[in-house]
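What follows is a short report on a single structure.
Quick caveat: nothing in here was measured; it's all calculated off a predicted structure.
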Amino acid sequence: MALTGRTALIAALGSLPVGVLAPSWAGMLAVNAPLSLAILCDYALAAPVRTLQFTRSGDTSVRLGDAADVQLTVTNPSRRTLRALLRDAWPPSSRLPGTEQASSRHRLTVPAGERRRLTTSLRPTRRGDRHAERITVRSYGPLGLAARQGNHEVPWTVRVLPPFTSRKHLPSRLARLRELDGRTSVLTRGEGTEFDSLREYVPGDDTRSIDWRATARQTTVAVRTWRPERDRHILIVLDTGRTSAGRVGDVPRLDASMDAALLLTALASRAGDRVDLLAYDRRLRAQVQGRSARDVLPAVVNALAPLEPELVETDAHGLAATALARAPRRSLIVLLTSLDAAPIEEGLLPVLPQLAQRHTVLVASVSDPHVARMATTRGTIEGVYEAAAATQTQSQRSRTAEQLHRHGVTVVDASPDTLAPALADAYLALKAAGRL
């Protein structure tokens, strides 16, 4: 038998999607037919959600700690005005804690046949790729008593790049590089440096740089200038095994190594050297090879962005074989890894001779400044035990570094804040000594 009157209205309202009606209205439907009719009409006049069209634009990359803006254009092709609450969902790590709701929810009104643009601000808290999740739209009727709701998938990816905080050290290292290039007086030169030009002597120049034959042919004292050889090959190797997952303070060891790799890449490319990169644990995780001086730094930044430590023991033999394959001629191999005794003695030392025989090897590692502070602790029993443990740890690292030195390896062991400039200084020292 067909339903009529209030019974039919209640049945119609009961067929609406779950969540369309506010809970406060549920108990009133059976007793207030005019209000129920208003709600039903309001629902019928709400703009449809399924036919809405979306397009995205805006930032596709951002440095960690900076803000990115992603625009969402909403087109309403229906004949009804869209009055909606829209949620543009992104992963929690795309925003600072406590700002998710404020930055992802938008109220908008889009007349029939028109479009509106919304902006979602992101401030990621982690490196890597951040993918847009679904868009939820709740379309209200003119009275705001009922609404239609639906979801849409509109893909977009923002790549969060390493912050490169060590770039503040680049100007001072470039100034030192200009000295090595012969633009100012060079006090020492190695067997790998090249004669650049002659210039007039100025007070303060090293007298060993005076060219007496050239001086005899002219009325002023002539000084030779030298520059390091260019177009050397630098291979940066990042160990992404389990030791790189350890945190020193609030920074993972891998992130500190990345920052040092970026500063070295920027400096070496400006010095005219060719820079390649590979990240390895048990397999190749990332690589940059054969890029020009202009393109290598952006390529390295992009390759490092999604890189995460792997909780596996690094295959030292595979790492050495991969490095040798990427460096067929004599190169500077910079290995960013841990100086812990066990990984070095069991992994790196057995394969080190084949690397050091063909290449100049530099090992850089992140040390924990908290260990140095523990070593000075006194006054309590707990403090004495902490100092003893810290001293033992420092002694083990010193013995490991000495073992590497005996194989001709240059070792840089520094805290996260000083590793990048220390590695850059070691590179410049090798260049000045003519060892590249």
Side-chain angles (χ1 to χ4, degrees), residues 16-22 39 41-164 298-299 301-306:
L16 297 181
V18 175
V20 166
L21 299 177
I39 295 173
C41 292
D42 199 46
Y43 172 78
L45 293 175
V49 174
R50 293 182 179 179
T51 58
L52 295 177
Q53 300 170 0
F54 301 89
T55 56
R56 289 193 185 273
S57 59
D59 296 329
T60 57
S61 63
V62 62
R63 288 196 183 277
L64 183 63
D66 293 342
D69 291 333
V70 178
Q71 286 77 39
L72 178 68
T73 301
V74 184
T75 303
N76 178 19
S78 71
R79 300 179 184 179
R80 307 168 197 163
T81 298
L82 174 67
R83 306 169 185 84
L85 176 63
L86 182 146
R87 181 174 182 265
D88 187 7
W90 288 77
S93 59
S94 299
R95 301 181 179 89
L96 293 175
T99 64
E100 295 87 349
Q101 183 171 343
S103 60
S104 64
R105 296 179 183 270
H106 307 272
R107 287 193 176 275
L108 72 159
T109 300
V110 185
E114 296 188 14
R115 66 184 63 181
R116 294 290 185 271
R117 178 175 293 178
L118 309 172
T119 299
T120 299
S121 294
L122 307 176
R123 190 177 288 274
T125 58
R126 292 180 56 190
R127 287 183 298 100
D129 293 335
R130 298 292 170 263
H131 304 283
E133 298 179 356
R134 65 184 181 180
I135 296 172
T136 303
V137 182
R138 182 173 293 175
S139 172
Y140 289 92
L143 301 178
L145 301 177
R148 304 170 185 265
Q149 182 168 307
N151 301 318
H152 291 265
E153 300 287 343
V154 185
W156 193 259
T157 300
V158 175
R159 172 156 287 190
V160 186
L161 307 174
F164 194 11
V301 170
N302 193 59
L304 294 180

(Q) Is the shortest side-chain heavy-atom distance between V74 and L82 below 4.5 Å? (A) yes

Q | Option passing side-chain contact (heavy atoms from CB on, under 4.5 Å) with L86 (candidates L52, I135, T136) | A | I135

Q) Any side-chain heavy atom of H131 within less than 4.5 Å of one from P91? A) no

**Q.** From T119 atom OG1 to Q71 atom CD, the distance as rounded to the nearest 0.5 Å
**A.** 4.5 Å

Q: Locate the shortest heavy-atom distance separating R83 from G141; write the atom from each residue and the value.
A: CD-O, 4.3 Å

Q: Report yes or no: does R56 contribute a side-chain atom to a donor-acceptor pair with the main-chain N or O of V154 at less than 3.5 Å?
A: yes

Q | Side-chain donor/acceptor of R159 to backbone N/O of N302, under 3.5 Å | A | yes

Q) Is a side-chain donor or acceptor of R80 paired with a backbone partner of A46 at a separation under 3.5 angstrom? A) yes

**Q.** Separation between NE2 of H152 and CD of Q53, rounded to the nearest 0.5 Å
**A.** 10.0 Å

Q. Where is the tightest heavy-atom contact between R134 and N151, given as atom of each residue plus distance?
A. NH1-ND2, 3.2 Å

Q) Nearest 0.5 Å, what's the CG-CZ distance between L64 and R127? A) 8.0 Å

Q.
With a 4.5 Å cut-off on side-chain heavy atoms, are L118 and D88 touching?
A. no

**Q.** Atom of L304, atom of P162 and distance for their closest heavy-atom approach
**A.** CB-CG, 4.1 Å

Q: Identify which one of V70, T60, D69, D129 satisfies the side-chain contact (heavy atoms from CB on, under 4.5 Å) criterion when paired with V158.
A: V70

Q: Would you check if V301 and F164 make a side-chain contact, meaning some heavy-atom pair closer than 4.5 Å?
A: no

Q.
If you compare all heavy atoms of P124 against all heavy atoms of D66, which two are closest, and at what distance to 0.1 Å?
A. CD-O, 3.7 Å

Q) Below 4.5 Å, heavy atoms only, C-beta onward: do R123 and V62 meet side chain to side chain? A) no

Q) Quick one: does P142's side chain get under 4.5 Å of D42's, heavy atoms only? A) yes

(Q) Rounded at 0.5 Å granularity, tell me how far NE2 in H106 sits from CZ in R117. (A) 13.5 Å

Q | R95/T120 under side chain to side chain contact (heavy atoms under 4.5 Å, CB included): CA gap, chis, key distance, verdict | A | CA-CA 10 Å; R95 301 181 179 89; T120 299; 3.3 Å; yes

Q. Just wondering, do T75 and F54 contact through their side chains at under 4.5 Å, heavy atoms?
A. no

(Q) To the closest 0.5 Å, what do you measure between OG1 (T109) and CD (E114)? (A) 11.0 Å

Q. Of the non-hydrogen atoms in R148 and P48, which two are nearest, and what is the gap between them?
A. CD-CA, 4.0 Å

(Q) Ignoring hydrogens, what is the shortest heavy-atom contact between D59 and W156? Give both atom names and the distance. (A) O-NE1, 3.1 Å

Q. Could you state the interatomic distance from CD1 (I39) to CG (L143), rounded to the nearest 0.5 Å?
A. 9.5 Å

